[in-house]
Amino acid sequence: MQWIEIKRDKYGFTTDECMSEMYAMLPIAVLHKGLYALELVCKDNWSDAVSDLFGKTYLTHYCTLPQLPIMEDEV
């Protein structure tokens with residue numbers, strides 16, 4: 001697992017390029033620096049996560065998560 005820094009502009013906001021990169025890599029885990037906690041982000045909760053990712057500088061890094069196979073009994 002490799003952590004990737006969330007790129008921010010001079011005002012502390014996540015760059016559009018970085019947001020696009022994160023979306024393309026979903027699902028991801030986002031590191032909350034102050035709490036040493038993770039936030040899991042997928043397409044289902046991306047719209048809720050965008051406001052947190054965009055302006056909160058304590059969210060510092062992200063990494064990709066493997067896709068789990070769908071079990072036949074879950075379909």
Side-chain angles (χ1 to χ4, degrees):
M1 177 170 25
Q2 180 179 352
W3 289 99
I4 303 166
E5 183 177 357
I6 296 175
K7 297 175 187 93
R8 298 187 179 276
D9 64 16
K10 65 182 180 180
Y11 302 106
F13 296 107
T14 306
T15 64
D16 291 339
E17 180 181 276
C18 186
M19 293 292 277
S20 295
E21 290 171 4
M22 286 188 284
Y23 186 80
M25 294 182 181
L26 292 176
I28 59 174
V30 180
L31 178 65
H32 185 300
K33 184 180 178 184
L35 298 176
Y36 296 104
L38 298 177
E39 179 177 341
L40 303 178
V41 181
C42 63
K43 288 183 180 179
D44 292 340
N45 68 347
W46 174 255
S47 60
D48 295 333
V50 167
S51 61
D52 287 344
L53 290 168
F54 189 67
K56 298 183 177 166
T57 57
Y58 52 78
L59 300 173
T60 59
H61 292 77
Y62 69 96
C63 70
T64 60
L65 299 172
Q67 286 279 8
L68 296 175
I70 297 174
M71 306 301 289
E72 287 184 29
D73 59 340
E74 294 179 2
V75 179

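- In this structure, Ile28 shares a hydrophobic cluster with Ile4, Ile6, Met19, Met22, Tyr23, Met25, Leu26, Val30, Val41, Trp46, Val50, Leu53, Tyr58, Leu59, Tyr62, the cluster being traced through Ile, Leu, Val, Met, Phe, Trp and Tyr side chains under 4.5 angstrom apart.
- The shortest non-hydrogen separation linking Lys56 to Arg8 is O-NH2, 2.9 Å.
- Between Ala29 and Trp3, the shortest heavy-atom contact is O-CZ3, 3.6 Å.
- In this structure, Asn45 places its CG atom where more than 12 heavy-atom neighbours from other residues, nucleotides or ligands lie under 6.0 Å away.
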